[in-house]
Amino acid sequence: MEDYKFLFKVVLVGNAGVGKTCLVRRFTQGLFPPGQGATIGVDFMIKTVEIDNEKVKLQIWDTAGQERFRSITQSYYRSAHALILVYDISCQPTFDCLPDWLREIEEYASSKVLRVLVGNKIDREDREIPTHVGEDFAQRHSMYYLETSAKEAENVERLFMEIAAELMEFENSFKFYEIDLCEFVCFDRGRFQHSSLLHEFYSSKDSFKFYEIDLCEFVCCDRALVNASRLLQFENSFKFYEIDLCDFVCLDRGERHSSVLDVRAAFQWSGRSVYDQCVVAEILEEKNGSTPAIRRPQERLFEGCLWYRLQDLRRINDDVFHCLKASSFKASFEFRE
Ligand SMILES: Nc1nc2c(ncn2[C@@H]2O[C@H](COP(=O)(O)OP(=O)(O)OP(=O)(O)O)[C@@H](O)[C@H]2O)c(=O)[nH]1
């Protein structure tokens with residue numbers, strides 16, 4: 001097993017010549033390479049860093065700024081956890097192009113991507129874009145902002161370390177819990193076609209083990225932390241649940257239980273009893289259509305909830321039900337017809 005807890009993909013974009021390759025080389029190799037040629041397509045480097053005693057592996061993708069490579073580089077946006085948009089503080093046109101880059105990011109990257117604006121080459125005397133102009137732009141577009149010099153190694157380490165720390169915090173705040181040591185589960189409510197969801201995720205069975213779908217909710221089981229963000233990008237539109245074996249957690253982003261709307265906030269709560277009760281309340285309410293009652297052993301609760309949802313699922317689509325029944329759940333749960 002590889003020796004890291006988190007793996008994040010960081011992609012650098014921006015006009016040709018702004019210093020993307022130099023930033024990457026400075027961070028990964030401690031070099032400022034002389035006579036750096038233009039990047040062709042996409043280049044790739046890895047560096048593992050340590051944050052709060054956890055190993056974080058950064059996969060850093062350095063894309064070519066030249067227009068002719070745009071169709072290649074766009075395909076790298078989708079799975080990026082962070083995008084670093086770089087301009088050259090001594091070159092106004094590289095700043096003027098930022099709105100175009102943002103449009104690309106909007107179109108091709110995940111809505112959850114961490115976006116960072118970097119003004120590079122601050123060692124140069126001929127600055128054209130004042131710091132406050134860069135900062136304003138970043139603020140207006142909800143981006144982090146940093147000025148760097150790859151040449152003088154200024155803020156380069158800080159740039160990548162802060163990104164790693166931010167991504168780690170984000171990942172930690174959405175916990176995926178193991179059910180039977182081979183599956184992670186989260187429940188979502190969504191706009192996606194049931195069948196396409198099932199297909200998409202079943203086809204990558206190694207990382208996504210199981211999906212339960214019903215009329216108003218589906219369940220995604222994600223065993224890989226690296227893939228968590230892919231699920232979480234749906235979180236705004238869906239009702240969202242998380243479950244674990246020892247502590248059943250169910251966080252409702254929907255309308256009925258507005259007191260537990262925010263997953264992140266809920267995880268910051270110190271005591272668990274608050275949302276334990278919400279969980280139970282919701283299950284029983286849905287099950288009986290009556291006022292919630294509370295307290296049953298956690299495992300039973302958990303099982304009951306799954307059973308309930310699978311029952312519902314069956315009403316909706318027999319094929320899907322059988323498909324699920326035949327798959328991974330039989331390892332952990334008894335099916336009762
Ligand atoms: N003064 C100064 N020059 C820099 C800095 N970073 C990069 N450069 C110079 O800028 C030029 C372009 O740097 P690259 O890193 O190749 O730029 P890029 O953004 O990767 O360019 P493409 O690969 O074509 O997209 C090179 O001549 C570098 O030496 C910096 O921080 N300060």
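Both ligands and their constituent atoms are indexed starting at 1 by order of listing.
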Practice item. Taking all heavy atoms of Asn53 and all of Glu50, pick out the closest pair and write down the distance. Key: CA-OE2, 3.8 Å
Revision key, fill the gap. Minimal heavy-atom distance between Ala138 and Tyr145, with the atoms involved, is CB-CB, 3.6 Å
Give the atoms of ligand 1, by number and element, whose distance to some non-hydrogen atom of [X] is under 4.0 Å.
| X | answer |
| --- | --- |
| Ala150 | 6 (N), 30 (C), 31 (O) |
| Ser149 | 31 (O) |
| Asn15 | 19 (O) |
| Cys22 | 6 (N), 7 (C), 13 (O), 15 (O), 28 (C) |
| Lys20 | 15 (O), 17 (O), 18 (P), 19 (O), 20 (O), 21 (O), 22 (P), 25 (O) |

Practice item. Determine whether Leu31 and Leu23 fall in the same hydrophobic cluster, where Ile, Leu, Val, Met, Phe, Trp and Tyr are linked whenever their side-chain heavy atoms lie under 4.5 Å apart. Key: no
**Study point:** Pair Glu106-Arg115, salt bridge (charged side-chain N to carboxylate O under 4.0 Å, His left out): steps then yes or no
**Key:** CA-CA 11 Å; Glu106 289 293 324; Arg115 300 183 310 171; 3.0 Å; yes
Hey, is ligand 1 close enough to [X] that some N/O pair sits below 3.5 Å?
| X | value |
| --- | --- |
| Gly17 | yes |
| Val18 | yes |
| Thr148 | no |
| Thr21 | yes |
| Phe32 | no |
| Pro33 | no |

Review point. What part of Arg124 sits under 4.0 Å from ligand 1 if we count only heavy atoms: the side chain, the backbone, both or neither?
Key: side chain
**Study point:** Residue part near ligand 1, for Asp123, under 4.0 Å between non-hydrogen atoms
**Key:** side chain
Exercise for review: Please round to the nearest 0.5 Å and tell me the distance separating atom CZ of Arg127 and atom CD1 of Ile122.
Suggested key: 7.0 Å
Exercise for review: Measure the spacing between CZ of Phe160 and CD1 of Ile84 and express it to the nearest 0.5 Å.
Suggested key: 4.0 Å
Review point. Any side-chain heavy atom of His81 sitting closer than 4.5 Å to one from Ile163?
Key: no
**Study point:** Any side-chain donor near an acceptor of the partner, Tyr77 and Glu104, under 3.5 Å
**Key:** yes
Review point. Are a donor atom and an acceptor atom from the side chains of Asp62 and Thr21 found within less than 3.5 Å of each other?
Key: yes
Check your understanding: Looking only at heavy atoms of Asp88, does any of them come nearer than 4.0 Å to an atom of ligand 1?
Key -> no
